[in-house]
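Report on the following structure.
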Amino acid sequence: MIDTHCHLDLPEFDEDRDEVLKRARNAGFEAFMIPGIEPDTMGKIINMAENEANVYFASGVHPNNAAELPPDWLDQVRKNAEHPRCKAIGEIGMDYYREYCPHDIQRDVFMQQLDLAAELDLPVIIHCRSAYEDLWPMLSHWLKGGHGRTGVLHAFDETPEAALKAVDLGMKIGMGGPYTYRKKNERRLEIVDAVPLESILLETDCPYLSPIPHRGERNEPAYAALTLAKIAELKGVSFEEADLQTTRNARDFFRME
Ligand SMILES: [Zn+2]
């Protein structure tokens with residue numbers, strides 16, 4: 001398995017980061033993708049990627065951190081993206097749920113990073129909350145604008161129809177802990193049903209969004225096995241088959257060697 005979205009750099013893991021990675025490796029995780037969220041924490045992320053086997057990262061500014069950026073922020077994202085362990089631009093997108101940044105700035109920062117991803121030939125990791133109506137026209141236009149452009153809609157929480165439109169344009173759908181929730185979860189079950197296994201990326205978004213039975217606790221990569229078990233069950237395939245396919249999806253998508 002590969003955890004395609006884990007914030008292992010956050011302070012929630014400062015006490016026991018090595019143990020967390022060890023538990024994940026013992027549970028069968030062979031690689032980890034840490035998305036960037038702001039310029040200030042990239043050094044810590046890059047340090048982890050340089051010192052831990054099979055830890056990769058993405059370079060980018062999260063929409064919640066887009067309000068007060070230094071003038072050279074895009075140069076910083078570009079410089080970090082040229083690191084050999086950097087496999088994507090992310091996480092980028094729009095978030096109208098938490099009003100941390102004016103919408104026009106979010107759109108501008110998002111667009112500039114999409115253009116950078118195209119220029120550097122990297123996939124994008126998309127964060128979107130309560131902003132899909134604004135984000136999708138920009139993203140779909142970008143996807144159609146050049147050969148090989150692709151991305152993942154991380155922690156996907158829209159509709160099956162929206163998922164299929166994205167898949168039609170070659171995107172991946174990121175699925176994490178909420179896909180194991182039992183209550184009021186019909187829509188997510190329909191999404192798993194609709195999206196081909198070849199288009200699913202497994203993720204935790206740790207330390208957030210723990211799967212059942214850890215809901216409410218700190219999340220960690222090892223728990224993504226619970227999410228994968230749920231996806232396999234809903235898809236009617238064995239755990240091994242779901243593991244093989246989603247691991248292949250992640251390796252191909254991020255071009256992990
Ligand atoms: Zn995230």
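In what follows, every heavy atom counts, from backbone to side chain, and hydrogens, waters and symmetry copies are set aside. Along the sequence shown, residues are numbered consecutively beginning with 1. Quantities reported herein were computed from a predicted structural model and do not represent experimental measurements. Both ligands and their constituent atoms are indexed starting at 1 by order of listing.
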- prompt: SG/Cys86 to CD1/Ile45 distance, rounded to the nearest 0.5 angstrom?
  reply: 10.0 Å

field: Any residue meeting ring-ring contact (aromatic ring centres under 6.0 Å, His included) with Phe29, in chain and number order, not counting sequence neighbours
entry: none

task: Mind listing the protein N/O/S atoms less than 2.8 Å away from the Zn ion (ligand 1)? Waters don't count.
output: His5 NE2, His7 NE2, Glu91 OE2, Asp205 OD1

- request: Identify, with sequence neighbours excluded, every residue that meets side chain to side chain donor-acceptor pair (under 3.5 Å) alongside Ser199.
  value: none

query: In Å and rounded to the nearest 0.5 Å, what is the CG to CG distance from Asp3 to Leu201?
result: 10.5 Å

task: Could you tell me whether Lys172 and Glu203 make a salt bridge, using a distance below 4.0 angstrom between a side-chain N and a carboxylate O?
output: no

query: With sequence neighbours excluded, what pairs up with Arg107 under the salt bridge (Lys or Arg N to Asp or Glu O under 4.0 Å) test?
result: Asp134

